[in-house]
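One structure is given below, encoded as C-alpha cells.
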Amino acid sequence: MIIYFDSIKEGNVESINYSGNIYNFNKFNQSSIISKFNSIDGEICLSKTNNILIVKFNLKCNIDAISSYSLNVFKTDIKIEDELYLTNLKEFENDEIIYCSQSINLDEIIYSLAVTAVPIDIHQEGEELPSGEDFKVYSEDELENELNNEDKESPFDILDKFDL
C-alpha cells in the first residue's frame, strides 16, 4: 500500500483499516525466523503536523515462525504497536524523524517492523532445548545456575563434567 505525503491533510487524522497483501510480504521475505506470512490486520493512523507525518501502527500478524530450538515451523501471532515520524523535508531529518520521498510504501515499513517484532529466541510453548545421547544444549540461565552451583569461574569450566 502506497501513500503520498501530500495526500495527508495538515491537522487531520486518518485511520486505515489495514489488511495486507500477503503475497507481497512473502515475496520480499528474507527473514531467517519467518517462514511465511499468513495474515496482517489492524489499524494505521496517519496525521500530519508541520510537514511531519505521524504514522501509528496497531497490527496483528499471523506468521509461520521457525523455532530457534528445533527449526520446526509453527504458527504464531506477533503484534506491531509502533509509531514513526516521517518528513519530506531534508532539514527536518534527525535520529527520530525519517526523511522519505513523496511516496511511502507502507508494506515495506510494516515488513521491517514485523521482522524486528519477532524475538530472536522464538519457539513453541513447551518446546525444550535439544539434547541427545552425546550432547546437551544449555540455556544461558541453566549455564549460569550450573556455574553458580559449582563455583566455576569461566563458562568453559562446565566442560570438565563431560568426557570429551
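The first residue in the sequence is number 1, and the count goes up from there. Any value given below was found using the heavy atoms of this structure, including those in side chains, with hydrogens, waters and symmetry copies removed.
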(request) State yes or no: do V55 and I16 share one hydrophobic cluster built from I, L, V, M, F, W and Y residues joined by side-chain heavy-atom distances below 4.5 Å, directly or via other members? (result) yes

(request) May I ask you to decide if N51's main-chain N or O and T87's side chain share a donor-acceptor pair within less than 3.5 Å? (result) yes

(request) Of all the heavy-atom pairs spanning S101 and F5, show the shortest one and how long it is. (result) O-CB, 4.5 Å

(request) Identify, with sequence neighbours excluded, every residue that meets salt bridge (charged side-chain N to carboxylate O under 4.0 Å, His left out) alongside K79. (result) none

(message) Side chains of L86 and Y99, heavy atoms from C-beta outward: is any pair under 4.5 Å?
(response) no

(request) Measure the CD1-CD1 distance between I3 and I8 for me, rounded to the nearest 0.5 Å. (result) 5.0 Å

(request) Could you tell me which residues satisfy side-chain hydrogen bond (donor to acceptor under 3.5 Å, both in side chains) with N94, sequence neighbours excluded, listed by chain and number? (result) none

(message) Show me the pairs that pass salt bridge (Lys or Arg N to Asp or Glu O under 4.0 Å) and involve residues 41-52, at least two apart or across chains.
(response) none

(request) Enumerate the residue pairs fulfilling salt bridge (Lys or Arg N to Asp or Glu O under 4.0 Å) with a member in residues 87-105, sequence neighbours excluded, ordered by first and then second residue. (result) K90-E93

(request) Of all the heavy-atom pairs spanning P119 and I33, show the shortest one and how long it is. (result) O-CD1, 4.3 Å

(request) Kindly write out the residues that satisfy side chain to side chain contact (heavy atoms under 4.5 Å, CB included) with V115, not counting sequence neighbours, or none if the list is empty. (result) S31, I34, Y111

(request) In sequence, state the C-alpha distance, the side-chain angles, and the governing distance for I80 and N58, and then conclude on side chain to side chain contact (heavy atoms under 4.5 Å, CB included). (result) CA-CA 6 Å; I80 300 173; N58 189 2; over 6 Å; no

(request) Kindly write out the residues that satisfy side chain to side chain contact (heavy atoms under 4.5 Å, CB included) with I66, not counting sequence neighbours, or none if the list is empty. (result) S35, L71, V73

(message) Which Ile, Leu, Val, Met, Phe, Trp or Tyr residues join V13 in one cluster when any pair of side-chain heavy atoms under 4.5 Å counts as a link?
(response) none

(message) Going by the rule side-chain hydrogen bond (donor to acceptor under 3.5 Å, both in side chains), which residues pair with Q102 if we only count those two or more places apart in sequence or in a different chain?
(response) D6, N88

(message) Please check this pair: side chain of E10 against backbone of N50, looking for a donor-acceptor N/O pair closer than 3.5 Å.
(response) yes

(message) Working to the nearest 0.5 angstrom, can you tell me the gap between D82 CG and L59 CG?
(response) 10.0 Å

(message) Strictly distance-based, threshold 3.5 Å: is any side-chain N or O of S67 a donor or acceptor partner for the main-chain N or O of N72?
(response) no

(message) With rounding to the nearest 0.5 angstrom, report the OG to CG distance, S39 to N62.
(response) 4.5 Å

(request) Could you tell me how the ring of F25 sits relative to the ring of Y18: parallel (under 30°), tilted (30 to 60°) or perpendicular (over 60°)? (result) perpendicular

(request) Find out if a path of hydrophobic residues (ILVMFWY) with successive side-chain heavy-atom gaps under 4.5 Å connects Y23 to I110. (result) no

(message) Among residues at least two apart in sequence or on other chains, which ones pass ring pair (Phe, Tyr, Trp, His ring centres under 6.0 Å) with Y69?
(response) H123

(request) Report the distance from atom CD of E81 to atom NZ of K56, rounding to the nearest 0.5 Å. (result) 12.5 Å

(message) Rounded to the nearest 0.5 Å, what separates atom CG in L106 from atom CD1 in I2?
(response) 9.0 Å

(request) Quick one: which residue pairs count as a salt bridge (Lys or Arg N to Asp or Glu O under 4.0 Å) with a foot in residues 103-121, not counting sequence neighbours? (result) none

(request) Name all residues meeting the side chain to side chain contact (heavy atoms under 4.5 Å, CB included) criterion together with K36; count only those two or more places apart in sequence or in a different chain, and write none if there are none. (result) N26, N38, D64

(request) To the nearest 0.5 angstrom, please state how far the CE atom of M1 sits from the CD1 atom of I44. (result) 6.5 Å

(message) I need the minimum non-hydrogen distance between I40 and C61, along with the two atoms involved.
(response) CG1-SG, 3.7 Å

(request) Starting from F92, walk the hydrophobic network (Ile, Leu, Val, Met, Phe, Trp, Tyr; side-chain heavy atoms closer than 4.5 Å) and list everyone else you reach, by chain and number. (result) I52, I54, Y85, L89, I97

